[in-house]
Chemist: 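Please find one structure pasted underneath; my questions will follow.
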Amino acid sequence: MEASEALGWRSVADLIGDHPDARVALIGAPLNERSLTPGRCDLGPKALRAVLPRFSTYDVETRLELTTAVHDAGDVPLKAVSPADAFAPVRDAVAGQAPRDLAVLIGGNNAVTRPGVHGLGLERVGVLTLDAHFDLRDTDQGLTNGNPIQALLDDGLDGRRISQVGLAPFANTRRAHEKALAAGISVHTVADCRARGLAVLVAEELERLSGLVDRIYVDFDIDVIDRSRWPASPGARPGGVPVHDFFAATRVIGAHPKVRAVDLTEYDPSLEVGDLGALTAGRWFCELLAGFQSRG
């Protein structure tokens with residue numbers, strides 16, 4: 001790289017800072033307690049921020065230059081905090097950024113999804129999950145990363161306002177599947193994603209939800225990606241969605257005007273193979289911003 005080009009390098013990290021008037025906010029939610037698959041998902045927010053200087057703001061495929069400023073709202077203090085005790089601080093952190101066009105919550109395990117949704121308010125909100133799992137385990141033994149969707153149903157969220165995409169075979173129970181269908185949840189498996197296209201399914205579900213709600217919350221449980229391309233989640237399985245399909249769907253989601261908050265969960269940097277996990281999470285963030293910027 002010539003010196004002049006090196007001096008002109010602008011990274012995605014340069015877009016993030018103290019920007020009170022920015023349309024997008026970044027919030028860290030390093031929750032790790034009460035995980036069914038113990039690990040270090042609490043390291044996710046730091047790892048994501050650390051890798052962003054390696055990403056240019058320019059997309060050679062579409063000739064898009066990222067220019068969207070992102071307000072860094074910092075991390076919610078969640079060290080050794082249970083999902084129950086994390087509810088209020090995570091909810092309030094998202095609610096505090098909800099007046100912006102998009103709040104981006106970086107987990108942390110999947111238990112951050114429930115308070116994140118509450119940050120937008122349960123009234124007239126819809127939820128889309130990209131996840132290998134239903135997350136419909138019973139809540140009678142407490143809140144975990146395995147039951148945020150069940151907890152939202154218990155809170156009164158209408159199941160018809162939930163779409164779940166990317167569900168994996170031999171990773172869920174018959175009971176969870178039956179609970180989802182009985183609740184009216186829209187269910188799409190990995191096979192559906194292969195047959196129809198993940199981005200196509202996501203676009204259709206966003207439109208379905210748009211007819212029912214004013215705001216949409218999207219949970220990107222990153223273990224939906226095929227484990228051969230994504231080893232940094234304990235719940236990821238072989239045969240998950242291809243990583244390029246995940247990126248394409250992320251851009252579609254970022255572009256939708258009713259998507260007002262998203263999260264990235266179940267990224268465990270302690271399971272890294274090289275730096276594959278961090279680079280995948282970083283590319284996800286770039287695709288999200290690229291989609292958002294197309295809103296105009």
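Sequence positions, counted from 1, serve as the residue numbers for this chain. Only this structure's heavy atoms are used, side chains among them; waters, hydrogens and symmetry mates stay out.
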Chemist: Applying side chain to side chain contact (heavy atoms under 4.5 Å, CB included) between Val243 and each of Asp226, Leu276, Thr280, Ile222, report the one that passes.
Modeler: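 Filter result, single survivor: Thr280.
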Chemist: Quick check for you: to the nearest 0.5 Å, what is the distance between Asn145 atom CG and Leu36 atom CG?
Modeler: 4.5 Å
Chemist: Do the side chain of Arg124 and the main chain of Leu212 share a donor and acceptor less than 3.5 angstrom apart?
Modeler: yes
Chemist: So, does Asp92 use its side chain to make a donor-acceptor pair with the main chain of Pro89 at under 3.5 Å?
Modeler: no
Chemist: For the side chain of Arg23 and the backbone of Ala69, is there at least one donor-acceptor N/O pair under 3.5 Å apart?
Modeler: no
Chemist: For residues Tyr267 and Trp284: do they belong to one hydrophobic cluster (side chain heavy atoms under 4.5 Å, members Ile, Leu, Val, Met, Phe, Trp, Tyr)?
Modeler: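 Result: yes, single cluster for both.
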Chemist: Look at the side-chain heavy atoms of Ile, Leu, Val, Met, Phe, Trp and Tyr, link any pair under 4.5 Å apart, and say whether Val224 and Ile106 land in one connected group.
Modeler: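 Yes; tracing contacts between hydrophobic side chains, which count when under 4.5 Å, links both residues.
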Chemist: Return the orientation label for the Phe220 and Phe246 ring planes: parallel under 30°, perpendicular over 60°, tilted otherwise.
Modeler: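 Rings of Phe220 and Phe246: perpendicular, over 60°.
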Chemist: With rounding to the nearest 0.5 angstrom, report the CG to CZ distance, Leu288 to Phe247.
Modeler: 12.0 Å
Chemist: Under 3.5 Å, is there a donor-acceptor pair between the His118 and Asp155 side chains?
Modeler: yes
Chemist: Is Leu209 linked to Val165 within one hydrophobic cluster, defined over Ile, Leu, Val, Met, Phe, Trp and Tyr using a side-chain heavy-atom separation of less than 4.5 Å?
Modeler: yes
Chemist: Hey, are Lys179 and Asp138 close enough for a salt bridge, meaning a charged N less than 4.0 Å from a carboxylate O?
Modeler: yes
Chemist: Checking Arg49 side chain against Ala13 main chain: does a donor-acceptor pair fall under 3.5 Å?
Modeler: no
Chemist: According to a hydrophobic-cluster definition based on side-chain heavy atoms being under 4.5 Å apart (Ile, Leu, Val, Met, Phe, Trp, Tyr only), do Leu48 and Val218 belong together?
Modeler: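 Yes: a chain of side-chain contacts under 4.5 Å links Leu48 to Val218.
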Chemist: If two hydrophobic side chains count as joined below 4.5 Å and joins carry through other members, does Phe292 share a cluster with Val259?
Modeler: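 Both belong to a single hydrophobic cluster.
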Chemist: Check for me whether Arg237 meets the cation-pi criterion with Phe170, that is, NZ or CZ under 6.0 Å from the six-membered ring centre and within 45 degrees of the ring axis.
Modeler: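 No, Arg237 does not lie over the aromatic ring of Phe170.
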Chemist: Quick one about Gln293 and Thr68 (side-chain donor to acceptor, distance below 3.5 Å, no hydrogens or angles considered), yes or no?
Modeler: yes
Chemist: Does any N or O in the side chain of His256 come within less than 3.5 Å of the main-chain N or O of Lys258, such that one atom is a donor and the other an acceptor?
Modeler: yes
Chemist: Give a yes or no answer on whether the side chain of Asp72 reaches the backbone of Gly74 with a donor-acceptor pair at less than 3.5 Å.
Modeler: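 Here the side-chain-to-backbone pair exists.
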Chemist: Under 3.5 Å, is there a donor-acceptor pair between the side chain of Arg260 and the main chain of Asp101?
Modeler: yes
Chemist: Please say whether more than 12 non-hydrogen atoms of neighbouring residues, nucleotides or ligands are located less than 6.0 Å from CZ in Arg229.
Modeler: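 12 or below, so no.
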Chemist: Assess whether a salt bridge exists between Arg114 and Asp154, defined as any Lys/Arg side-chain N lying under 4.0 Å from an Asp/Glu carboxylate O.
Modeler: no
Chemist: Atom CG in Asp219, atom CG in Asn110: separation rounded to 0.5 Å?
Modeler: 4.5 Å
Chemist: For atom CZ of Arg160, is the number of surrounding heavy atoms from other residues, nucleotides or ligands below 6.0 Å larger than 12?
Modeler: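 Open: at most 12 neighbouring heavy atoms sit under 6.0 Å from CZ of Arg160.
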Chemist: More than 12 heavy atoms of other residues, nucleotides or ligands under 6.0 Å from CZ of Arg137: yes or no?
Modeler: no
Chemist: Arg161 pairs by side chain to side chain contact (heavy atoms under 4.5 Å, CB included) with which of Leu152, Ile185, Val125?
Modeler: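 One option only clears the test, and that one is Val125.
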Chemist: Keeping the roles fixed (side chain from His71, backbone from His19), state whether a donor-acceptor pair exists under 3.5 Å.
Modeler: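 Confirmed, His71 side chain pairs with His19 backbone.
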Chemist: Could you give me the CA-CA distance, side-chain angles and deciding distance for Ser210 and Ile216, then say whether side-chain contact (heavy atoms from CB on, under 4.5 Å) is met?
Modeler: CA-CA 8 Å; Ser210 290; Ile216 298 173; 3.9 Å; yes
Chemist: Has the side chain of Asn147 got a donor or acceptor atom that lies under 3.5 Å from a matching backbone atom of Thr144?
Modeler: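 Checked: pair present.
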Chemist: Would you give the length of the straight line joining atom CD of Glu287 to atom CD1 of Ile253, rounded to the nearest 0.5 angstrom?
Modeler: 11.5 Å
Chemist: For a quick check under 3.5 Å, do His188 and Glu205 share a side-chain donor-acceptor pair by atom type?
Modeler: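 Distance-only check passes for His188 and Glu205.
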Chemist: Among side-chain atoms of Thr113 and Asp263, is any donor-acceptor pair under 3.5 angstrom?
Modeler: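 Judged by distance alone, the side chains do pair up.
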Chemist: Does Glu204 come within less than 4.0 Å of Arg208, counting only side-chain N to carboxylate O?
Modeler: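 Arg208 and Glu204: not salt-bridged.
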Chemist: Under 3.5 Å, side chain of Asn172 to main-chain N/O of Ala132, donor-acceptor pair present?
Modeler: yes
